[in-house]
**Student:** 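Would you mind keeping the following structure in view while I ask a few things?
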Amino acid sequence: MVIPLSRSALSLSSTQAYLKDLLFISAASFSNLSMTRLSMPPQQSLRATLHGLGSGSGTLAAALWKFETTKYYCTVIDAPGHRDFIKNMITGTSQADCAVLIIDSTTGGFEAGISKDGQTREHALLAFTLGVKQMICCCNKMDATTPKYSKARYEEIVKEVSSYLKKVGYNPEKVPFVPISGFEGDNMIERSTNLDWYKGPTLLEALDQINEPKRPSDKPLRLPLQDVYKIGGIGTVPVGRVETGVIKPGMVVTFGPTGLTTEVKSVEMHHESLLEALPGDNVGFNVKNVAVKDLKRGFVASNSKDDPAKEAANFTSQVIIMNHPGQIGNGYAPVLDCHTSHIAVKFAELVTKIDRRSGKEIEAAPKFLKNGDAGIVKMIPTKPMVVETFATYPPLGRFAVRDMRQTVAVGVIKGVEKKDPTGAKVTKAAIKKK
C-alpha cells in the first residue's frame, strides 16, 4: 500500500547489501506484512534499483521504499507493529495489490506468530478482509533454523500456514512460499545455493508474477479531499487522490455530503496541467465561486451527472473486533477513519454476530461483541459524512474503528442509506453548464 510521503529518496548502488539490511531490520517482529503496489515502468529496467529511507530508520515508523523488477515499479510500505499497519492500510490513500507476509522460521518464532493471538494470523486475516487478494509468503531467517536452511522446517511451515490461509479465504495453491534469509540475502534477488532443494521463484521473481489489477477508471468519480487551499490569483484548490473514475477540466462536480455543485476549471498534478486525472493520481483542482470554508477534508468530489456522492443517513457494516479491552454494545460511539474522513459514529444496532471466516450467522441481535468477534452492525454518523459500499467503491467502503488511541476494529460497508441534500448551493458556473 502506498502512502504519499515526500521524503528525499536515497539511491543505493549496493542493492543487495541494502536489501539484506532492510529486510533484516524489518524482521524484528514475529510476523511482518508489507503491502506492495504496482505500476508499469515506462522502460524495462533489468536491475532492481532501490530507493529507501536509509537503513538506520528502524522499523517503528512505516518505511516506504521503491524498487523496480523487470516488469513493475514496486512501492513497498513496511508496517511492523500491526497497529500502524492497520491504520495505514485502511486510511492509506491507496489499495495494495499484494500482501507480502514475512514469517519468522526459527524455533519458537514461527509458533508465536501462528499461535491463536499471533500476528501472522491477524495480518493474513486483515489483508483478506480489506480486499488484498494476492499474497506472497516469505519464510525468513532460514539461516537460523535448526539445522541451518532446513527443508523439513520449511515444509512444516508451508503446511501450517497454508491450512490457515485457506480458512481465511486465500487459495494456498496460488500463494508462493519463498524460503529466504534477509540477513544473508538468500533468495531475495539471486537464487541461493544454500537452499538448492527449493525450486520455486526468488522473492524478486515472485513479485514479477503478481497480476496488476484493473484500475477502476470506468466507475463514477470519487475523490476524497485531503486538504483545501486558497491560492492567490487562482482561487480555491481542493487536493486529494482520485480513487475511482476520472476528473477533467470543464466537469461539473458535486461535493458530498453537502451537495455543493460547481465547475472544475483546471486539474494539476506536480504543477502540470492535466487533461484528465485517473485513479491513483494525487491532484489539485481549481473550482469556481467556492469559498475555502465551504469545503473540508473528508468531503468527496463526484461527477454531478453520474451517481453523485451523497450524505449517509446510516450504513450497515461487517466489523471485526480486534483489540478492544471490554465489550462493545449498542450505543458505542468511537471514531471511524474511512478514506480521508475522521468522524465519530454510533453503533446503533448490533444486527447479528457472524463467523468471521464463513460469514454465517451465529447469533441474531447479540447484546455485545468482544475481541475476535465479527458482526453486522448498523451505524449512524454523528456528523454528515460520505461512505459507499465496499462492493461498489472499495476505497470508500473500508474503515478502521479507533478508540483509546488505538485501532479496536476494522470493517467493510455492506449497505448505505443515503439522504438527498437540502438547500445545496449550486454555483453560477454549474448552472451555465447544465
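Values in this document were obtained by computation on a predicted structure and should not be read as measured data.
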**Student:** Hey, what do you get for CG (L204) to OG1 (T70), rounding to the nearest 0.5 Å?
**Tutor:** 7.0 Å

**Student:** Taking side chain as C-beta onward, heavy atoms only, is V242 less than 4.5 Å from L278?
**Tutor:** no

**Student:** Any side-chain heavy atom of N282 sitting closer than 4.5 Å to one from Q226?
**Tutor:**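 A side-chain contact under 4.5 Å exists here.
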
**Student:** State whether the side chain of H339 and the backbone N or O of E243 hold a donor-acceptor pair below 3.5 Å, judged by distance alone.
**Tutor:** no

**Student:** Is the backbone of N211 close enough, under 3.5 Å, to the side chain of Q134 for a donor and an acceptor to pair up by distance?
**Tutor:**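 Such a contact is found between Q134 side chain and N211 backbone.
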
**Student:** Ignoring hydrogens and angles, write down the donor-acceptor pairs under 3.5 Å from the side chains of residues 192-202, residues two or more places apart or on other chains.
**Tutor:**
{"residue": "S192", "atom": "OG", "partner": "D186", "partner atom": "OD1", "Å": "2.8"}
{"residue": "S192", "atom": "OG", "partner": "N194", "partner atom": "N", "Å": "3.0"}
{"residue": "N194", "atom": "ND2", "partner": "Y149", "partner atom": "OH", "Å": "3.3"}
{"residue": "N194", "atom": "ND2", "partner": "D186", "partner atom": "OD1", "Å": "3.1"}
{"residue": "W197", "atom": "NE1", "partner": "Y149", "partner atom": "O", "Å": "3.2"}
{"residue": "Y198", "atom": "OH", "partner": "P201", "partner atom": "O", "Å": "2.7"}
{"residue": "K199", "atom": "NZ", "partner": "D196", "partner atom": "O", "Å": "2.5"}
{"residue": "T202", "atom": "OG1", "partner": "E205", "partner atom": "N", "Å": "3.3"}

**Student:** Which pairs count as ring-ring contact (aromatic ring centres under 6.0 Å, His included) when at least one residue sits in residues 202-229, sequence neighbours excluded?
**Tutor:** none

**Student:** Just verifying a value: how many Å separate K133 NZ and I210 CD1, rounded to the nearest 0.5 Å?
**Tutor:** 15.5 Å

**Student:** Does V283 offer a backbone N or O that forms a donor-acceptor pair with the side chain of D281 under 3.5 Å?
**Tutor:** no

**Student:** For E156, what residues pass the side chain to side chain donor-acceptor pair (under 3.5 Å) criterion, not counting sequence neighbours?
**Tutor:**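 With neighbours one apart ignored, the set is R153.
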
**Student:** Any chance NZ of K219 has more than 12 other-residue heavy atoms, nucleotides or ligands included, within less than 6.0 Å?
**Tutor:**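 Yes, the 6.0 Å shell around NZ holds more than 12 heavy atoms from other groups.
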
**Student:** Could you give all pairs that pass the salt bridge (charged side-chain N to carboxylate O under 4.0 Å, His left out) test and reach residues 383-394, with sequence neighbours left out?
**Tutor:** R222-E388, E388-K418

**Student:** Residues two or more places apart in sequence or in another chain: which of them pass side-chain contact (heavy atoms from CB on, under 4.5 Å) with D306?
**Tutor:** P220, N303

**Student:** Tell me the closest heavy-atom pair linking G284 and V239, and the distance in Å.
**Tutor:**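 Here G284 and V239 meet closest at CA-CG2, 4.0 Å.
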
**Student:** For the CD1 atom of I103 and the CZ atom of F177, what is their distance to the nearest 0.5 Å?
**Tutor:** 6.0 Å

**Student:** Take L165 and C137, measure what side chain to side chain contact (heavy atoms under 4.5 Å, CB included) needs, and give me the verdict at the end.
**Tutor:** CA-CA 10 Å; L165 290 180; C137 288; 3.9 Å; yes

**Student:** Is there a donor-acceptor contact under 3.5 Å from the side chain of S105 to the main chain of N140?
**Tutor:** yes

**Student:** Apply side chain to side chain contact (heavy atoms under 4.5 Å, CB included) to residues I247 and F285 and explain how you reach the verdict.
**Tutor:** CA-CA 9 Å; I247 185 168; F285 56 103; 3.9 Å; yes

**Student:** Please name all residues satisfying side chain to side chain donor-acceptor pair (under 3.5 Å) with T254, sequence neighbours left out, ordered by chain then number.
**Tutor:** T261

**Student:** Excluding sequence neighbours, so at least two apart, what forms side-chain contact (heavy atoms from CB on, under 4.5 Å) with K346?
**Tutor:**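 By the side-chain contact (heavy atoms from CB on, under 4.5 Å) rule, K346 matches no residue at all.
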
**Student:** Do R297 and L225 have side chains that approach each other closer than 4.5 Å (heavy atoms only, starting at C-beta)?
**Tutor:**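 Side-chain contact under 4.5 Å: no.
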
**Student:** Is there a donor-acceptor pair under 3.5 Å between the side chain of R398 and the backbone N or O of G411?
**Tutor:** no

**Student:** Is there a side chain to side chain contact (heavy atoms under 4.5 Å, CB included) between F255 and V386 once you walk through the steps?
**Tutor:** CA-CA 10 Å; F255 292 94; V386 175; over 6 Å; no

**Student:** Which atom pair, heavy atoms only, marks the closest approach of Y154 to C139?
**Tutor:** CD1-SG, 3.9 Å

**Student:** What closest approach, in Å, do K414 and T389 show between heavy atoms, and which atom pair accounts for it?
**Tutor:** O-CG2, 3.6 Å

**Student:** Short question: side chain of S341, backbone of C338 - any donor-acceptor pair under 3.5 Å?
**Tutor:** yes

**Student:** Side chains of L336 and I343, heavy atoms from C-beta outward: is any pair under 4.5 Å?
**Tutor:** no

**Student:** Between the side chains of D355 and K360, is the shortest nitrogen-to-carboxylate-oxygen separation below 4.0 Å, so that they form an ion pair?
**Tutor:** no

**Student:** Using a 4.5 Å cut-off on heavy atoms from C-beta on, say whether the side chain of L350 contacts that of N330.
**Tutor:** yes

**Student:** When rounded to the nearest 0.5 angstrom, what distance separates NZ in K296 from OG1 in T340?
**Tutor:**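 One gets 13.0 Å once the value is rounded to the nearest 0.5 Å.
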
**Student:** What's the shortest heavy-atom distance between A309 and S302, and which atoms?
**Tutor:**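 It is N-OG, 2.8 Å.
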
**Student:** Under the side-chain contact (heavy atoms from CB on, under 4.5 Å) rule, collect the residues that match up with A312, sequence neighbours excluded.
**Tutor:**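 Checked A312 against side-chain contact (heavy atoms from CB on, under 4.5 Å); matches are F315, V387, V416.
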
**Student:** Please determine whether side chain to side chain contact (heavy atoms under 4.5 Å, CB included) holds for the pair F399 and V319, giving the CA-CA distance in whole Å, both sets of side-chain angles, and the decisive distance to 0.1 Å.
**Tutor:** CA-CA 9 Å; F399 58 82; V319 183; 4.0 Å; yes

**Student:** Would you give me the side-chain donor-acceptor pairs under 3.5 Å for residues 361-372, sequence neighbours excluded?
**Tutor:**
{"residue": "N371", "atom": "OD1", "partner": "N323", "partner atom": "N", "Å": "3.3"}
{"residue": "N371", "atom": "OD1", "partner": "H324", "partner atom": "N", "Å": "2.8"}

**Student:** Among all residues two or more places apart in sequence or in another chain, which pass the side chain to side chain donor-acceptor pair (under 3.5 Å) test with E311?
**Tutor:**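 Once residues adjacent in sequence are excluded, the partners of E311 under the side chain to side chain donor-acceptor pair (under 3.5 Å) criterion are K419.
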
**Student:** Can you find a pair of side-chain heavy atoms, one from K248 and one from V267, that are under 4.5 Å apart?
**Tutor:** no

**Student:** Show the nearest heavy-atom pair for residues P257 and F299, with the distance to one decimal.
**Tutor:** CD-CD1, 3.7 Å

**Student:** With sequence neighbours left out, write down each residue that passes side chain to side chain donor-acceptor pair (under 3.5 Å) with K353, or none if nothing qualifies.
**Tutor:** none

**Student:** Any side-chain heavy atom of R402 within less than 4.5 Å of one from P334?
**Tutor:** no

**Student:** List the atom of P381, the atom of A313, and the distance in Å for their closest heavy-atom pair.
**Tutor:** CD-O, 3.6 Å

**Student:** Using a 4.5 Å cut-off on heavy atoms from C-beta on, say whether the side chain of D227 contacts that of P238.
**Tutor:** no

**Student:** Using the test side-chain contact (heavy atoms from CB on, under 4.5 Å), find all partners of V351 that sit at least two apart in sequence or belong to another chain.
**Tutor:** E349, I376, K378

**Student:** For the CD1 atom of I380 and the OG1 atom of T382, what is their distance to the nearest 0.5 Å?
**Tutor:** 10.5 Å

**Student:** Determine whether a donor-acceptor pair (N or O, by modelled atom type, separation under 3.5 Å) exists between the side chain of T352 and the backbone of I354.
**Tutor:** no

**Student:** State whether D208 and K71 are salt-bridged, where the test is any N-O pair (Lys NZ or Arg NE/NH1/NH2 against Asp/Glu carboxylate O) under 4.0 Å.
**Tutor:**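 Answer for the salt bridge query: no.
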
**Student:** Rounded to the nearest 0.5 Å, what separation is found between the OG atom of S162 and the CD atom of E155?
**Tutor:** 11.5 Å

